[in-house]
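Let me begin by presenting the structure, written as structure tokens, before commenting on it.
Every number for a ligand or one of its atoms is a count from 1 in the order of the listing. All values reported here derive from a predicted model rather than from experimental measurement.
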Amino acid sequence: MRIIKIKMGIAFFLVLTLLSCSKDGGSSSSDPVIVLGTPFASNASSITDNSFTANWVVVPEAESYLIDVSTSNNFSNFVTGYNALEKTGTTAEVMGLSPGVSYFYRVRAKQGNEVTNNSNIITVTTTGNQPEDPTYLKVKANALPNPFYVGVAVKANQLTDGSSYDAVLKNEFSSITAEYEMKMNPISTGSGSYSWDAADKIVNYGNDNGINVHGHALVWHNAVPDWLSNFSGTDAEFALEVKKYITDVVTRYAGKIKSWDVVNEAVDDNGNMRSTIFLQKMGANYIKDCYQWARDAANAAGDTNLLLFYNDYATSTNIPKQNKMFTIVDDLMTSNLIDGVGFQMHNTYLSPTKEQIETDINRAVALGLKIHVSELDIQVNQNNDITYLTEERSLAQKEKYKEIVKIYNALPDANKYALTVWGFKDNESWIPYSTDLNHPGNDWPLLYDNKFELKEAHTGFLEGLD
Ligand code: XIL
């Protein structure tokens with residue numbers, strides 16, 4: 001009898017087909033070929049605060065099953081006692097768990113020495129509430145006398161229930177910004193036509209989980225869809241398209257998101273108005289127009305609390321740019337069209353200094369505006385002089401994280417809004433090798449490493465909240 005193991009990716013089944021024949025094609029045997037199918041895990045049952053029952057569908061011919069349980073969907077760890085735990089039935093009681101935590105399980109079937117591939121993965125969240133753990137960023141921030149949102153930039157495909165992003169996000173962050181899926185380019189597919197799926201997913205995720213949603217960004221020269229870049233109508237018609245876009249997007253999410261970056265990066269690095277398609281076609285008043293359209297759309301949709309932000313980068317070190325930004329902000333203030341300023345803070349471990357940051361931010365504080373540190377990341381290899389994250393650089397980065405969190409936390413309560421980190425894991429950051437930034441090599445700018453382990457930077461963030 002020959003046993004052939006066929007690896008089946010998904011389901012369990014048994015094939016009892018007779019295929020066997022001798023090597024020379026001569027006499028055939030009637031031995032069955034037995035396929036040990038990969039098991040199919042089904043939903044957990046009997047879920048309590050500290051246990052659940054894992055279930056799977058029987059695999060004929062299996063003598064036993066091996067079950068893994070982890071708090072990570074890539075099974076980088078195992079719940080004690082549940083690393084290939086052998087069971088003969090089709091259920092396993094998983095015990096000794098914590099309340100309000102998501103667990104993942106999978107099974108393999110076994111027969112003799114044969115072991116199948118892993119089944120599908122089932123996610124199960126124990127009942128009850130997680131104890132408030134002050135080593136989580138948002139838990140510590142929420143416990144401050146003057147709390148603020150701790151935000152993170154997200155992508156729609158990270159927001160699947162039970163994913164490692166989902167778990168980290170729900171534990172650590174109280175606000176989200178779409179890293180790119182709420183920009184004009186992905187949303188606007190033509191005049192009056194839109195692709196909402198990713199943006200909707202992000203907004204709904206925030207709303208469903210009690211997480212603040214910051215909108216980013218209605219108007220940005222780097223995210224203009226081709227149809228609008230190539231627009232052949234008159235300038236007045238171009239302005240109407242921009243108005244329609246702003247109106248439709250703000251209306252769709254009115255009441256669902258708290259704030260929008262209306263215009264992003266309108267100042268160039270020489271401290272002049274950036275020569276964008278919007279400036280060229282709509283004239284110097286375009287910024288005010290965009291804010292007015294956003295405000296009108298929100299009000300018309302019944303959201304009179306929408307916060308309108310202006311967002312830009314490098315204003316702490318580039319003083320002409322800082323000055324120009326505050327000219328724009330002053331102008332918007334005069335028309336009562338702005339509520340806050342977003343300071344992107346794509347910083348390095350060397351720059352800007354504490355004093356430079358404070359001077360910059362305090363100009364917005366003095367105007368009574370909300371402050372959003374909107375895209376924080378801290379490069380450690382901007383000169384391409386290291387090939388891995390050295391301990392020295394890691395500690396320098398930790399200090400810089402701590403410094404900015406301290407600066408933010410010291411702001412008057414009325415000026416606080418959110419401090420948002422631009423992504424989760426180092427290897428998914430936009431910084432390494434970025435052509436936008438002319439970044440010369442690899443980098444490690446965020447709070448979690450490639451394996452989602454906490455970095456010193458994370459400790460620095462926490463210490464900044466002391
Ligand atoms: C970046 C994203 O991180 C990238 O994934 C995307 O491809 C380009 O945009 N300033 C901003 C952000 O306001 O929107 C940019 O985000 C980074 C610079």
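Scanning for ring pair (Phe, Tyr, Trp, His ring centres under 6.0 Å) contacts around Y205 gives an empty result, with sequence neighbours left out.
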Would you mind listing each N/O atom of ligand 1 next to any protein N/O under 3.5 Å, plus the distance?
{"from": "ligand 1", "atom 1": "3 (O)", "to": "E179", "atom 2": "OE2", "distance (Å)": "2.5"}
{"from": "ligand 1", "atom 1": "3 (O)", "to": "W422", "atom 2": "NE1", "distance (Å)": "2.9"}
{"from": "ligand 1", "atom 1": "5 (O)", "to": "E179", "atom 2": "OE2", "distance (Å)": "3.1"}
{"from": "ligand 1", "atom 1": "9 (O)", "to": "K183", "atom 2": "NZ", "distance (Å)": "3.0"}
{"from": "ligand 1", "atom 1": "10 (N)", "to": "E265", "atom 2": "OE2", "distance (Å)": "3.0"}
{"from": "ligand 1", "atom 1": "10 (N)", "to": "Q344", "atom 2": "OE1", "distance (Å)": "3.2"}
{"from": "ligand 1", "atom 1": "10 (N)", "to": "E375", "atom 2": "OE1", "distance (Å)": "3.0"}
{"from": "ligand 1", "atom 1": "13 (O)", "to": "H216", "atom 2": "NE2", "distance (Å)": "3.3"}
{"from": "ligand 1", "atom 1": "13 (O)", "to": "N264", "atom 2": "ND2", "distance (Å)": "2.9"}
{"from": "ligand 1", "atom 1": "13 (O)", "to": "Q344", "atom 2": "NE2", "distance (Å)": "3.3"}
{"from": "ligand 1", "atom 1": "13 (O)", "to": "E375", "atom 2": "OE1", "distance (Å)": "3.3"}
{"from": "ligand 1", "atom 1": "13 (O)", "to": "E375", "atom 2": "OE2", "distance (Å)": "2.7"}
{"from": "ligand 1", "atom 1": "14 (O)", "to": "K183", "atom 2": "NZ", "distance (Å)": "2.6"}
{"from": "ligand 1", "atom 1": "14 (O)", "to": "H216", "atom 2": "NE2", "distance (Å)": "2.7"}
{"from": "ligand 1", "atom 1": "16 (O)", "to": "K183", "atom 2": "NZ", "distance (Å)": "3.3"}
{"from": "ligand 1", "atom 1": "16 (O)", "to": "W422", "atom 2": "NE1", "distance (Å)": "3.4"}

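Side-chain contact between R106 and W56: absent, with no pair of heavy atoms (C-beta onward) separated by less than 4.5 Å.
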- Should F52 and Y105 be marked as a ring-ring contact (aromatic ring centres under 6.0 Å, His included) after you check the CA-CA gap, both sets of side-chain angles, and the distance that decides it? CA-CA 11 Å; F52 62 82; Y105 66 84; 5.6 Å; yes
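Screening residues 240-275 for ring-ring contact (aromatic ring centres under 6.0 Å, His included), with sequence neighbours left out, gives W196-Y253. Applying the salt bridge (Lys or Arg N to Asp or Glu O under 4.0 Å) definition to pairs two or more places apart or across chains, those involving residues 322-336 are K288-D331.
The structure places CD of E241 at 9.5 Å from CE of M184, a figure rounded to the nearest 0.5 Å.
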